[in-house]
Amino acid sequence: GHPHPVWRMTSRVPALPRAVVVHVDLDAFYCQVEVGRDPSLQGQPIAVVQYNPFGDLRTILPSEPRIFNDSNGSLIAVSYEARAFGVKRNMRGDEARRQCPELQLVQVPTANGKADLTIYREAGAQVIDILARGGVCERASIDEAYLDVTEEALRRARRDHGRPVLPLNPEQCRVYGPDGVAGCEAWFSTPDWAWSDADELLAHGAAVVAELRHVVQTELGYSCSAGIAHNKLLAKLCSGLHKPQQQTILPESAVQRLLDPLMIAKLRSLGGKLGQQVAQVLGIETVGQLRAVPETRLRTLFGPETGPWLHRMARGQSSDRVQQRTLPKSLGCGKTFRAQNAIRTLQDVQYWLQQIARELAERIGSDRERNQRVPQTMGVGLSSHGDHVSRSCAMPGLSVESIASAGLALVRRWVAERAEWTVTDLYLSACNFRSIAACPSIATFFQSAAGEGGQGTQGLAPPDPRPDSP
DNA sequence: ACGGATAGCACC
DNA sequence: TGGTGCTAT
Ligand SMILES: Nc1ccn([C@H]2C[C@H](O)[C@@H](COP(=O)(O)OP(=O)(O)OP(=O)(O)O)O2)c(=O)n1
Ligand SMILES: [Mg+2]
């Protein structure tokens, strides 16, 4: 028979609507979490610093005073007030203070002899829970999420007969328009007859995003930025264009203008070795230059998968869907030991596995209560002489003791294969989660399936992909 | 001295 | 399945 249903090849079928994809990224996130806990820090230049001079041995609770302005660890988050002084992530405390004498340095909490990121994780989860009200929501990191708000945008387009209305807080809304970046007023005052379907959907999506950002701000006190475009690649690119506290719409007509002068490394997944290699092998720097390279040449140089993928990326095309997933797929924790403190005995391995297992067991326990799931697999990882190895096994139980001893057994097996070793990195992780939700009625089952693993209306859509770009 | 603690995914 | 390497925040 014919490989495709004939109707798909006719022009009588209306085109699927372009997806409205959003990337949301909290501003100076760990700093905002700390300001929320200590409002006296509001408006000041601050940075969050990880590492303490005693090797994280002393527990520092989230509720304790954690401002240590003589702290010399490295900065993992920097407020916008501090950035104005030239303070940057990865700077050391002393260097940062030279740039900004008023800088307030907040130390990450510690427990079990290691940094404890619980307060940031929980704040991130609160944000995700709000964003998920807007549509399909994918947790992308502790402070980022992708949303697919196509359905709500379509609903509004039908309700308002097209005609997007100016979003909430229009001064926080930018458009990459025909004359470069501009405020959104001009774009939103496009006459009714002049909107393209795709732009109209983006505009409605932008209104949804403005409302979600407003809820995050008022309910949690956190500001964020967002990008609104037709796919994840472009939405992510846009969310970073006007930080902080701004959202940016990228109409299809502006994609090429945005990409042409952009350094290749700015594209997600090209920020590392591959991006460097692409630029070097081709002797180019920008996405525009990459777009000029024939697909056949990219295929020859980078392979049958990577070549065409680069070709599409240079055109702002990416087809990976926004997944419905608000929870992390794995929980892990670990600690790095500087050369001097490197672990050289099994006794010390055992001690540190126990410490790390305390945190992991605690997190697995609260995750189980909150999310009705338990991990089926655990693993241990370590670095020795610069090489990283990992071993995994079935989850032996959820207690500190069972996790620590299973971890130790895995390490023993590894040690047995080696004459000499020195552990400079040790971590435990848990993954492969299974639901333990109480046996639900059919109706309840379908409800939670749509919320947890399902794809919402995305998943019910016809099998051919919703077009992201022409 | 000090570039830490996490997380997801492609690939074999 | 289990394991490594890359990319990212
Ligand atoms: N190498 C990194 C990068 C980030 N983070 C943490 C601290 C950040 O606050 C948070 C979010 O990372 P972002 O890259 O989004 O940076 P910020 O949110 O701090 O700032 P921005 O406003 O630029 O997004 O993740 C980290 O621990 N280590
Ligand atoms: Mg951020």
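In what follows, chains are A, B, ... by sequence order, proteins preceding strands, each numbered from 1.
Contact annotation for I142(A): no contact, since no heavy-atom pair falls under 4.0 Å across all strands. Within the 4.0 angstrom heavy-atom criterion, only backbone atoms of the sugar-phosphate kind lie near S392(A); the bases stay farther away. Residue contacts for E359(A): at a heavy-atom cut-off of 4.0 Å it reaches the sugar-phosphate backbone alone, with no base atom in range. Residue-level contact check: E144(A) touches the backbone only, with heavy atoms under 4.0 Å from sugar-phosphate atoms and none from bases. As judged by a 4.0 angstrom heavy-atom cut-off over every strand, D25(A) is placed among residues making no nucleic acid contact. Across all strands shown, R89(A) has no heavy atoms under 4.0 Å from either base or sugar-phosphate atoms. Residue-level contact check: V108(A) touches neither bases nor backbone, having no heavy atom under 4.0 Å from any strand.
Using a 4.0 Å cut-off between charged nitrogen and carboxylate oxygen, R321(A) and D148(A) do not count as a salt-bridge pair. Using a 4.0 Å cut-off between charged nitrogen and carboxylate oxygen, E362(A) and R358(A) do not count as a salt-bridge pair.
Between K273(A) and the phosphate of dC6(C), there is a side-chain N or O to OP1/OP2 separation shorter than 4.0 Å. An OP1 or OP2 oxygen of dT6(B) is reached within less than 4.0 angstrom by no side-chain nitrogen or oxygen of R139(A). The phosphate of dG8(B) (OP1 or OP2) has a side-chain N or O of S330(A) nearer than 4.0 angstrom. For the pair T377(A) and dT1(C), the criterion of a side-chain N or O lying under 4.0 Å from OP1 or OP2 is not met. Between K232(A) and dG8(B) there is no side-chain N or O to OP1 or OP2 distance below 4.0 Å. The phosphate of dA1(B) has neither OP1 nor OP2 within less than 4.0 Å of any side-chain N or O from R92(A). Here R268(A) does not reach the OP1 or OP2 of dT7(C): none of its side-chain N or O atoms lies under 4.0 Å away. Distances shorter than 4.0 Å separate none of the side-chain N or O atoms of S141(A) from OP1 or OP2 on dG8(B). In this structure, R391(A) reaches the dT4(C) phosphate: one of its side-chain N or O atoms is under 4.0 Å from OP1 or OP2.
Checked against dG8(B), dT9(C), dA5(B), the side chain of P328(A) finds its nearest nucleotide in dG8(B). Relative to the side chain of I76(A), the nucleotides dT7(C), dG4(B), dT9(C) differ in distance, and dG4(B) lies closest. Which of dG3(B), dA7(B), dT4(C) sits closest to the side chain of S74(A) comes down to dG3(B).
Atom CZ of R338(A) and atom C1' of dA1(B) are 7 Å apart (whole Å). Spacing between atom CG of L428(A) and atom P of dA5(B) amounts to 13 Å, rounded to whole angstrom units.
Counting only distance, with no hydrogens or angles, the side chain of R37(A) and the backbone of V33(A) share no donor-acceptor pair below 3.5 Å.
Comparing the C1' positions of dG3(B) and dT7(C) gives an interatomic distance of 16 Å, to the nearest angstrom.
For the ring pair (Phe, Tyr, Trp, His ring centres under 6.0 Å) criterion with F337(A), the lone passing option out of Y427(A), W352(A), Y351(A) is W352(A).
Aromatic ring pairs are classed by plane angle as parallel below 30°, tilted from 30° to 60° and perpendicular above 60°; the pair H23(A) and Y146(A) is tilted. Between F29(A) and Y222(A), the two ring planes are perpendicular [angle over 60°; tilted spans 30° to 60°].
Heavy-atom distances to DNA chain B give each of L117(A) and T306(A) a nearest nucleotide, and the one nearer the 5′ end belongs to L117(A). Between F337(A) and E305(A), the residue anchored closer to the 5' end of DNA chain B is F337(A), taking for each the nucleotide with the nearest heavy atom.
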